[in-house]
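Scroll down for the structure; my scribbles are underneath it.
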Amino acid sequence: MGEIVLYGADWCSDCRRAKAWLREHEVAFTDVDVEHDDAARDRAVELAGGRRNIPVVVLADGTVLVEPTDVQLAAAVRV
């Protein structure tokens, strides 16, 4: 699997959960902090179709997941 990018923030419990799940399943990803990067925040909103929910997870194939559950993450990365 190619690179996964997770747009999120440290204060976000769903972001912490998603990052923990990815780490637990040894799925490599890039963590992009939208709280301190305006361009990243704008990109996350754009990717999420205008929604301001996080995390926004972009899979290697370009699929975008907004606030995915652990089950959705597992299905998306096929763990």
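Note that the structure is predicted; figures quoted are calculated from it, not measured. One is the number of the first residue; the rest follow in order along the sequence. In what follows, every heavy atom counts, from backbone to side chain, and hydrogens, waters and symmetry copies are set aside.
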> Are Asp42 and Glu46 close enough that some pair of their side-chain heavy atoms sits under 4.5 Å apart?
Replying inline: no
>> For Leu59 versus Ala76, what's the shortest heavy-atom pair and its separation?
In response: CD1-CB, 3.6 Å
> Are Val64 and Val34 in one and the same hydrophobic cluster, where Ile, Leu, Val, Met, Phe, Trp and Tyr link if side-chain heavy atoms are under 4.5 Å apart?
Replying inline: yes
> How far apart are the closest heavy atoms of Pro68 and Arg17, and which atoms are they?
Replying inline: O-NH2, 2.8 Å
>> Distance check, rounded to the nearest 0.5 Å: Glu24 atom CD versus Leu73 atom CG?
In response: 11.5 Å
> Name the one of Leu6, Val77, Val5 that satisfies side-chain contact (heavy atoms from CB on, under 4.5 Å) with Phe29?
Replying inline: Leu6
> Honestly curious: do Leu65 and Trp21 fall in one hydrophobic cluster under the side-chain, below-4.5 Å linking rule?
Replying inline: yes
>> Tell me if a side-chain donor or acceptor on Glu67 pairs with a main-chain N or O of Asp14 at a distance below 3.5 Å.
In response: no
> Just how far is it from atom CH2 of Trp11 to atom CZ of Arg16, taken to the nearest 0.5 Å?
Replying inline: 9.5 Å
>> Among Val57, Val56, Asp10, Ile54, exactly one meets side-chain contact (heavy atoms from CB on, under 4.5 Å) together with Cys15. Which residue is that?
In response: Ile54
> What are the two closest non-hydrogen atoms of Asp33 and Glu35, and how far apart are they?
Replying inline: OD1-N, 2.8 Å
>> According to a hydrophobic-cluster definition based on side-chain heavy atoms being under 4.5 Å apart (Ile, Leu, Val, Met, Phe, Trp, Tyr only), do Tyr7 and Leu22 belong together?
In response: no
> Which heavy atom of Ala28 sits nearest a heavy atom of Ile4, and at what distance?
Replying inline: O-CB, 3.8 Å
